[in-house]
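I have placed the structure first, in the form of structure tokens, so that the comments after it can refer back to it.
Throughout, a chain's letter reflects where its sequence line sits, starting with A, and its residues are numbered from 1. Please read these numbers as outputs of a predicted model, since none were measured by experiment.
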Amino acid sequence: MFFRHLFSVVRKTAVCVAMEASNATASVECKTHNSPPSVEEVLKMKWEREQKDLKEKMLLMDVDDWSKLKITTDVVNKFPQKLCLRYVGGVDISFIKGDDVNACAAFVVLEFPELKIIYKDISMVQLTAPYIPGFLAFREVNSLKEKIEKLKNIQPSILPQVVLVDGNGILHPRGFGLACHLGVLTDLPTIGVAKNLFCVKKLQDAGDWLPLIGISGKQHGVIYRSCKESTNPIYISPGHKISMETAIWVVEKCINYRIPEPTRQADILSREYIRSLCNKGESDKKPSHKKKKRERGQKRNEFDNPMPSETCEDESYLGPGLDLWDS
DNA sequence: GCGACAG
DNA sequence: ATCTTGTCGC
């Protein structure tokens with residue numbers, strides 16, 4: 001059972017998590033009408049409304065047959081393809097060191113359950129919006145959405161039945177992370193898979209706390225140990241048109257290494273592209289791909305930073321009743 | 001006032 | 001996100 005892999009968090013990333021205020025106010029603090037609002041504050045208020053509107057279209061349940069049946073490897077050929085999970089997508093964006101605008105976006109489709117790449121779309125994109133914590137989607141979602149829409153047009157037969165997104169789903173200050181945003185805009189099931197815990201609510205006052213093994217109410221996501229080689233967990237939350245249970249099931253089936261294959265491949269390919277940019281002429285925007293792959297360089301990233309030995313006493317795994325933040 | 005903050 | 005080698009362990 002994958003739930004056995006869930007473990008209580010004693011890592012530093014989790015320490016900063018705080019309890020959500022019961023009287024949830026807008027997370028964007030409006031200054032008292034003394035100083036004029038900064039550009040960032042204006043953006044936050046505008047984007048917060050947008051998130052709220054889009055969130056109404058979000059669906060947190062399994063809507064497709066494959067997600068209800070969860071037919072696995074051995075019987076996959078005995079059923080009509082419509083009932084099976086066959087195509088899993090992954091998206092990721094990589095950046096150049098000193099460039100805030102130009103980045104490389106990758107969208108891949110893997111065949112399931114073999115997890116082999118059958119489609120890839122990697123290209124440079126322009127990211128104009130700034131990155132503001134809690135509003136990642138406004139920086140990245142358009143580039144990703146375009147690639148998905150492109151596939152809808154040129155080869156809808158291999159359109160992924162679910163897309164894994166690097167970033168959070170409902171595990172988000174306002175319950176609407178990048179995975180949700182992308183899901184609603186593309187009308188595809190999405191799953192958020194983050195490599196770091198995003199604090200849903202900052203510690204407001206001394207004494208504020210958050211039970212990781214929850215108390216009541218809504219479950220925002222799970223902390224998931226994806227493989228035995230790494231104690232460093234990932235953070236899974238449903239994005240759109242998928243249930244918590246199915247989201248975990250999909251991620252589990254996509255694990256070769258710590259990061260599920262769809263997003264891992266998207267990450268590898270976009271980095272590779274950026275790298276070939278640097279090796280090539282700096283003025284040329286269209287570099288020719290070099291087939292040179294650094295087998296060892298990749299491998300390093302696969303097993304990220306092991307947990308410090310002092311924090312390794314986490315034999316306390318969470319049970320199936322895991323709750324996270326209340327909403 | 002300062003640090004933290006998915007990617 | 002990005003800057004970065006070797007190294008320890010199964």
Side-chain angles (χ1 to χ4, degrees), chain A residues 12-18 27-29 31 40 44 47 51 90-106 124-125 127-144 164-182 190-204 206 208 210 220-221 223-224 227-239 257-259 263-264 266-268 270-275 277-278 294 296-309 312 324-325:
Chain A
K12 66 167 182 164
T13 52
V15 176
C16 60
V17 178
S27 63
V28 178
E29 307 91 34
K31 287 185 175 179
E40 183 170 309
K44 280 183 177 178
W47 286 349
Q51 285 178 331
V91 291
D92 185 43
I93 296 184
S94 291
F95 298 83
I96 313 175
K97 65 159 189 153
D99 198 328
D100 274 357
V101 175
N102 298 294
C104 179
M124 296 301 292
V125 294
L127 303 182
T128 53
Y131 168 65
I132 300 175
F135 301 92
L136 173 65
F138 294 91
R139 178 161 169 76
E140 297 194 348
V141 81
N142 283 334
S143 303
L144 304 177
L164 304 205
V165 180
D166 63 297
N168 288 304
I170 62 173
L171 179 54
H172 178 274
R174 289 164 297 283
F176 197 75
L178 172 60
C180 307
H181 205 125
L182 183 65
T190 53
I191 302 171
V193 183
K195 299 181 289 295
N196 296 288
L197 180 59
F198 188 34
C199 301
V200 169
K201 186 84 167 65
K202 70 181 176 184
L203 289 165
Q204 197 68 45
D208 279 358
L210 174 81
H220 295 247
I223 302 158
Y224 183 72
C227 62
K228 58 172 183 282
E229 286 82 8
S230 175
T231 55
N232 194 190
I234 57 178
Y235 304 88
I236 305 173
S237 55
Y257 302 95
R258 176 181 170 239
I259 305 299
T263 39
R264 196 179 78 94
D267 181 63
I268 289 172
S270 57
R271 285 179 134 92
E272 191 176 277
Y273 191 100
I274 293 281
R275 229 166 164 278
L277 266 191
C278 301
R294 296 178 62 200
R296 291 182 49 178
Q298 291 178 208
K299 207 140 178 79
R300 258 183 237 124
N301 279 339
E302 286 157 6
F303 304 90
D304 281 9
N305 334 296
M307 206 150 67
S309 55
C312 271
L324 292 179
W325 301 263

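The aromatic ring of A:Y235 does not sit over the base of B:dA6; the criterion of centres under 5.5 Å apart with planes under 30° is not met.
Rounded to a whole Å, the CD1 atom of A:I274 is 8 Å from the P atom of C:dT2. Between A:F95 atom CZ and B:dG7 atom P there is a gap of 11 Å when expressed in whole angstrom units. In this structure, A:D267 atom CG and B:dG7 atom C1' are separated by 11 Å, rounded to whole Å. Atom CG of A:L136 is separated from atom P of B:dG7 by 8 Å (rounded to the nearest Å). If you take OH of A:Y131 and C1' of C:dT2, they are 14 Å apart, rounded to a whole angstrom. Spacing between atom CZ of A:F135 and atom P of B:dA4 amounts to 20 Å, rounded to whole angstrom units. One interatomic measurement links the two molecules: CZ of A:R275 to P of C:dT4, which rounds to 11 Å at whole-angstrom precision. Note: CG (A:L171) to C1' (B:dC5) measures 13 Å, nearest angstrom.
Neither OP1 nor OP2 of B:dC5 sits under 4.0 Å from any side-chain N or O of A:N196. A close approach under 4.0 Å does not occur between any side-chain nitrogen or oxygen of A:R139 and OP1 or OP2 of B:dA6. Remark: A:K195 is in phosphate contact with B:dG7, judged by side-chain N or O atoms under 4.0 Å from OP1 or OP2.
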Test log, rule side chain to side chain contact (heavy atoms under 4.5 Å, CB included), inputs A:V141 and A:L182
CA-CA 6 Å; A:V141 81; A:L182 183 65; 3.9 Å; yes

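Going from atom CG of A:L127 over to atom CG of A:D99 covers 9.0 Å, rounded to the nearest 0.5 Å. To the nearest 0.5 Å, atoms CD1 (A:I259) and CG (A:D267) are separated by 8.0 Å.
Looking only at side-chain heavy atoms (C-beta outward), A:S270 and A:I93 stay at 4.5 Å or farther from each other. Side-chain contact between A:F135 and A:P130: absent, with no pair of heavy atoms (C-beta onward) separated by less than 4.5 Å.
Secondary-structure stems of DNA chain C, taken as three or more successive Watson-Crick or G-U wobble pairs (i with j, i+1 with j-1) under a 3.5 Å distance threshold, are lacking entirely.
Ring planes of A:F138 and A:H181: perpendicular class, angle over 60° (limits at 30 and 60°).
If you check every strand for non-hydrogen atoms under 4.0 Å, A:G98 touches nothing. Among the heavy atoms of the strands lying under 4.0 Å from A:D166 are primed sugar atoms or P, OP1, OP2 only; no base atom is included.
Residues forming a side-chain hydrogen bond (donor to acceptor under 3.5 Å, both in side chains) with A:S143 (at least two apart in sequence, or on another chain): none.
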